[in-house]
Every structure is written in C-alpha cells, then in structure tokens.
Amino acid sequence: MTRQACLACAQETSELDPATRCRACGGLLDVWHPEPPVTGQALRTLFDSRMSPLSSPASPSSGVWRFRELVLPGAAAGVVSYPEGNTPLLARESLSIWTGVPALALKHEGENPTGSFKDRGMTVGLTQARRIGARAVVCASTGNTSASLAAYGAQAGLPVFVLIPEGKVALGKLAQTLAYGARVLAVRGDFDTCLGLVEDSAERLGLYLLNSVNPFRIEGQKTIIFELLQQRAWRAPDWIVLPGGNLGNTAAFGKALQEALALGLCDRLSRLAVVQAAGAAPFAQSFAEGFRHRYELRAETVATAIRIGNPASWERAVRAIRATNGVVLSVPDEEILAAKSVVDRAGVGCEPASAAGVAGLRRLVGSGTVSPEESVVVILTGHLLKDPEIVLEDAKVGTAGIREIDPTLAALKAAVEG
C-alpha cells in the first residue's frame, strides 16, 4: 500500500492524509509505493507497450500516467489529465557547438499543455486532491505553478486560489492563470513570503496546498526522468542538467533515478547538475560548503521562474545531489540571457529560467567537470512565450530583428540586401 513518510523523523501516515508536512515535526514528506508486480525488462516492456494511445485505459496518451505504478497506483479512476508529458528530446548542432558537448539533447518540458514541466506534478496533485475530497486548492507562484494549477483545477472542477508576488510575475504566465479562472491575490512581498503565508494558512482555511512541498507533485515530476530514460532506450545519460529554483525537480529527479536503478529500468545513476541564477543561489552557496549551512536570501534575477531565495524542497534536493554525486553551481543573468539567445536561434526557444541549465552546462565543460565525450540531457522547463517581455525588450533596442521601413519596394529591397 502507498504510504507517506517524513524525511526528518520517519513517521508514517496514510496516503490520503491531506497534510503536506509531517504532523509530528514539520518535516518534508516522501511518498512510497509498493514494488510493482514486475521489474527489469518486464517493467520496461510494460511501459513501452503503453506508448500506444490505444493500449492504456487510464489517460492513455499521458506521459505521466503511463508510469502509474511508480506515480500513484491507487488512482485507478478519477485521474485529472490534460493529457501531459510526451515531451521531445531535441538535438541541435549549434547548441552542441556552443556548449562543447556533441552528445547533447534538450528535453523540452515547455511542450507540456500549459507550457511548463509543472503539468506533470499537477495532474497527480489534482488527482490526489479529488481522492481526499479537497474543497479548494491553493499555491504560491512565480508564474508557472499558478498557470498549471489553474488549468488542472478547472478540469477538476475545484476553486483555485493563487498567491503571487506583486509585480514580479511574467505577463504570459499571469494571463494564463487568469484565463483559466483562478482567483489571484497579489501579495506585497516576494515568492518566499507568499509560500510562507499559504503554508501557514492552507489547512486552517480548508485549502489543499499544491506547491512542490506537496509530495504528490514530486511523484508526477519523476516521470520526466522515466520518460527521458524510455526515449533513450532505457540508457541513462552521464549527466542531467536542470535549473534550480524551489528544487522540486531536483528532488524528483534524484528519487526517480534511484527508483529506476532499483527496479532495473536502467543500469546506472546519471549525475545531476543543478544550475541557479547568481542572484538567487542559496543552494549553490550551500553546496560549495558541503551543505553545512542552509541559506536564505532576497532573490533577484531576470529568470523569474527561479527567483526564489528559500527553496521549499531543500532537504529532498540535498539527498538527490548526494545520491547522484551531483553538483550545484550558479551563473549570472548575462550568461543566462546569452544561452537563451542561442536556444532561441536554434529554433527551439525557452524562457530564461530554462536557459540557466544551458549556461551552466557551458561552464561545467569549461571547468572540466563535464567532459565533451560525455552524454548530457539538459531540461528546458518552460516555453519561450512564458516570458515574452525579455524578447520584446531586446526588440526595443534593435537586437531582435525589428526594423521599421517605408511601404515601398525600394525600402524592402534595401532591408533584404542589407
């Protein structure tokens, strides 16, 4: 039977307990499922058979529920699915040259229904909300979480409340959140202020919290790894590089890799490399000191999706880095924007936070941490149109290809030839 267990004190609770932290000590919770009926090659074959949209009865085309034995086996009915997942692995020569890694692939989670990886966690989170009989759901958000929760909450028929830091959410994400019908509250403070407020009040107000502190969100986000392995014929890459904000993906990836190894889905652990923006890098600072101290700071970066100074999934993320012999680093905004430009001009496109992973990989190659001979997958977490202000700001200063001309053939000819 699926259970929840505290990461700090190991106290266990039911899978239907709505608390998102341990009731005894306040620690983070993990979800643990029973071992599936088959493992190894048989389990790989089972998952591969579900890649056909006709073969799986529960959300057949979902890249999350294809792996339901490892996600939420008790959710046989009532799954809330868009569907989500099935995001591509992309190879682009220009990016391989720029990073110095020939065997580079990008897993573009911006191809999810609402444009970010959050949909993988929300399909599980809203399914769980239904299972426990939640009357409403809530989150704090820098944008992507709110858009995803609003979409999946609407599908589940549940009221959605979203707390955002006033004036610090990209317009593309805010527009999605409003369009899907969420009730948006702009808080005078940063993301960490918003998260603290919803954590303090959610249960007392009868709201089910669906930030990544919720362990069922982590279960959905694990499927990024399961799908990545499946797309690579169950061969783990040497490195998986990802941006780090609230660290939910870091936690999910570490958990997924360990589960995949234990179940015989792959034969080794990939190393994780977590990249933070220099203005929002408490985890990188702590890693440099062997995780002896936990840091909080006032975050500031153009990468709004990772503008977080006190990551909620800290303890889980430390465990993931240690388990995978991973590394954590930070890159300045200038390098993030340079990487974004390269990704965009490769015809792929991403929001700034996603580009942090690409910028970080280039640094890791330059320092010798990652060898050019190694295989690497970088996770792009959000779609280009999530944060269009960055591109439009470039256009204003003439760097994005916008030029006014007169409505004449001569003017057009001059522009083309120029």
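All figures in this text were calculated on a predicted structure; none of them were measured in a lab. Every heavy atom of this structure was used, including side-chain atoms; hydrogens, water molecules and symmetry mates were not.
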Visitor: Once you measure the plane-to-plane angle for F283 and W314, does it fall in the parallel (<30°), tilted (30-60°) or perpendicular (>60°) bin?
Guide: perpendicular
Visitor: Rounded to the nearest 0.5 Å, how far apart are CG of L257 and SG of C266?
Guide: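 Atom-to-atom, L257:CG and C266:SG are 6.5 Å apart.
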Visitor: Side chains of P237 and V376: closer than 4.5 Å at any heavy-atom pair?
Guide: no
Visitor: Taking E315 for its side chain and L7 for its backbone only, find out whether a donor-acceptor pair lies under 3.5 Å.
Guide: no
Visitor: Roughly how far, to the nearest 0.5 Å, is the OG1 atom of T223 from the CG atom of L228?
Guide: 11.0 Å
Visitor: Is it the case that T381 and S116 place a side-chain donor and acceptor less than 3.5 Å from each other?
Guide: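 No, no side-chain donor-acceptor pair sits under 3.5 Å.
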Visitor: Salt bridge or not for D344 and K340, using N-O below 4.0 Å?
Guide: yes
Visitor: One pair to check against side-chain contact (heavy atoms from CB on, under 4.5 Å): N86 and E227. What are the steps and the verdict?
Guide: CA-CA 7 Å; N86 296 304; E227 189 175 273; 3.8 Å; yes
Visitor: To the nearest 0.5 Å, tell me how far I218 CD1 sits from N249 CG.
Guide: 7.5 Å
Visitor: With no hydrogens and no angle check, do the side chains of E259 and H33 hold a donor and an acceptor under 3.5 Å apart?
Guide: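 Side chains of E259 and H33: no pair found under 3.5 Å.
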Visitor: Would you indicate whether the side-chain heavy atoms of T99 and L364 approach each other to under 4.5 Å?
Guide: no
Visitor: Among L126, V160, T20, V198, which one satisfies side chain to side chain contact (heavy atoms under 4.5 Å, CB included) with L210?
Guide: L126
Visitor: Verify, without hydrogens or angle tests, whether S49 (side chain) and L46 (backbone) share a donor-acceptor contact under 3.5 angstrom.
Guide: yes
Visitor: Is a side-chain donor or acceptor of S313 paired with a backbone partner of R316 at a separation under 3.5 angstrom?
Guide: no
Visitor: Taking all heavy atoms of N211 and all of R217, pick out the closest pair and write down the distance.
Guide: C-NH1, 3.3 Å
Visitor: Can you find a side-chain donor-acceptor pair between R307 and T142 that sits under 3.5 Å?
Guide: no
Visitor: In chain order, what residues pass the salt bridge (charged side-chain N to carboxylate O under 4.0 Å, His left out) check against R232, with sequence neighbours excluded?
Guide: none
Visitor: If we ignore hydrogens and angles and just use 3.5 Å, is the side chain of Q285 paired with the main-chain N or O of Y295 as donor and acceptor?
Guide: no
Visitor: D17 and salt bridge (Lys or Arg N to Asp or Glu O under 4.0 Å): which single residue from R131, R3, R23 fits?
Guide: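 Among the candidates, only R23 passes.
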Visitor: With a 4.5 Å cut-off on side-chain heavy atoms, are V124 and W65 touching?
Guide: yes
Visitor: Between R92 and L90, is any pair of side-chain heavy atoms under 4.5 Å apart?
Guide: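 The answer is yes; the side chains approach within 4.5 Å.
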Visitor: Under a 3.5 Å distance rule, please check whether T127 uses its side chain to pair with a backbone N or O of T123 as donor and acceptor.
Guide: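 Looks like yes, one N/O pair under 3.5 Å.
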Visitor: Looking at every non-hydrogen atom in both residues, tell me the closest pair between G279 and L297 and how far apart they are.
Guide: O-CD1, 3.8 Å
Visitor: According to ring-ring contact (aromatic ring centres under 6.0 Å, His included), who are the partners of F287, at least two apart in sequence or on a separate chain?
Guide: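 Partners of F287 by the ring-ring contact (aromatic ring centres under 6.0 Å, His included) criterion, ordered by chain and then number, come out as F291.
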Visitor: Of all the heavy-atom pairs spanning P165 and C194, show the shortest one and how long it is.
Guide: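 What the structure gives for the nearest pair is N-SG, 3.6 Å.
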Visitor: Examine the side chains of R363 and S367 and answer whether a donor and an acceptor come within less than 3.5 Å of each other.
Guide: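 No donor-acceptor contact under 3.5 Å links the two side chains.
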Visitor: Where is the tightest heavy-atom contact between P243 and I306, given as atom of each residue plus distance?
Guide: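 That would be CB-CG2, 4.4 Å.
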Visitor: Return the minimal non-hydrogen interatomic distance between G309 and A299, and the atom names on each side.
Guide: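 It is N-CB, 3.7 Å.
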Visitor: Mind checking the OG-OH spacing from S81 to Y152? Nearest 0.5 Å is all I need.
Guide: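 Output value for this atom pair is 6.0 Å.
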Visitor: Look up atom OG in S341 and atom CD1 in I336, then write down how far apart they are to the nearest 0.5 Å.
Guide: 14.0 Å
Visitor: Check whether any side-chain heavy atom of E335 sits under 4.5 Å from a side-chain heavy atom of R362, and report yes or no.
Guide: no
Visitor: Among L163, N310, I308, N246, which residue meets the side chain to side chain contact (heavy atoms under 4.5 Å, CB included) test with L195?
Guide: N246
Visitor: Any donor and acceptor pair, going by atom type alone, linking the side chain of E389 with main-chain N or O of L171 inside 3.5 Å?
Guide: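 Side chain of E389 to backbone of L171: a pair is present.
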Visitor: Could you note down all residue pairs passing ring-ring contact (aromatic ring centres under 6.0 Å, His included) where residues 204-228 supplies at least one of them, sequence neighbours left out?
Guide: F67-F226
Visitor: Looking only at atom types and distance, does a side-chain atom of K386 sit under 3.5 Å from a main-chain N or O of G172, one as donor and one as acceptor?
Guide: no
Visitor: Using only atom types and a distance under 3.5 Å, with no angle test, would you say the side chain of E84 pairs donor to acceptor with the backbone of Y82?
Guide: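 Judged by distance alone, yes, a pair lies under 3.5 Å.
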Visitor: Any side-chain heavy atom of L89 sitting closer than 4.5 Å to one from H108?
Guide: no
Visitor: What is the minimum heavy-atom distance between E199 and R21, and which atoms define it?
Guide: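 That would be OE1-NE, 2.7 Å.
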Visitor: Would a 4.5 Å heavy-atom cut-off, applied to side chains only, mark V241 and V370 as touching?
Guide: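 They are not in side-chain contact.
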Visitor: Would you find more than 12 non-hydrogen atoms of other residues, nucleotides or ligands less than 6.0 Å from E289 atom CD?
Guide: yes
Visitor: Could you give all pairs that pass the salt bridge (Lys or Arg N to Asp or Glu O under 4.0 Å) test and reach residues 169-192, with sequence neighbours left out?
Guide: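 For residues 169-192: K173-E351, D190-R298.
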Visitor: Quick one: are E93 and I97 in side-chain contact, heavy atoms under 4.5 Å?
Guide: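 Contact flag for E93/I97 side chains = yes.
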Visitor: Main chain of N144, side chain of S148: is a donor-acceptor contact present, judged purely on distance under 3.5 Å?
Guide: no
Visitor: May I have the step-by-step check of side-chain contact (heavy atoms from CB on, under 4.5 Å) for L384 and C350, ending in yes or no?
Guide: CA-CA 4 Å; L384 167 66; C350 68; 5.8 Å; no
Visitor: Under a plain distance cut-off of 3.5 Å, with no hydrogens placed, do T87 and E109 share a side-chain donor-acceptor pair?
Guide: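 Distance-only check passes for E109 and T87.
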Visitor: To the closest 0.5 Å, what do you measure between CG (L95) and CG (L106)?
Guide: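 Taking CG in L95 and CG in L106, the distance rounds to 5.5 Å.
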Visitor: Are K168 and T304 close enough, and set up right, to give a side-chain contact (heavy atoms from CB on, under 4.5 Å), and what steps lead you there?
Guide: CA-CA 7 Å; K168 294 190 175 181; T304 57; over 6 Å; no
Visitor: Would a distance-only check, ignoring hydrogens and angles, find a side-chain to backbone donor-acceptor pair under 3.5 Å from R50 to R66?
Guide: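 Looks like yes, one N/O pair under 3.5 Å.
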Visitor: Sorted by first residue and then second, give each side-chain hydrogen bond (donor to acceptor under 3.5 Å, both in side chains) pair with at least one member in residues 317-331; sequence neighbours left out.
Guide: D30-R319
Visitor: Would you mind listing every side-chain hydrogen bond (donor to acceptor under 3.5 Å, both in side chains) that reaches into residues 265-280, with sequence neighbours excluded?
Guide: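 Sorted result for residues 265-280: D238-R268.
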Visitor: Take H383 and E111 through the test side-chain contact (heavy atoms from CB on, under 4.5 Å) and record every step on the way to the result.
Guide: CA-CA 7 Å; H383 195 278; E111 299 299 317; 4.2 Å; yes
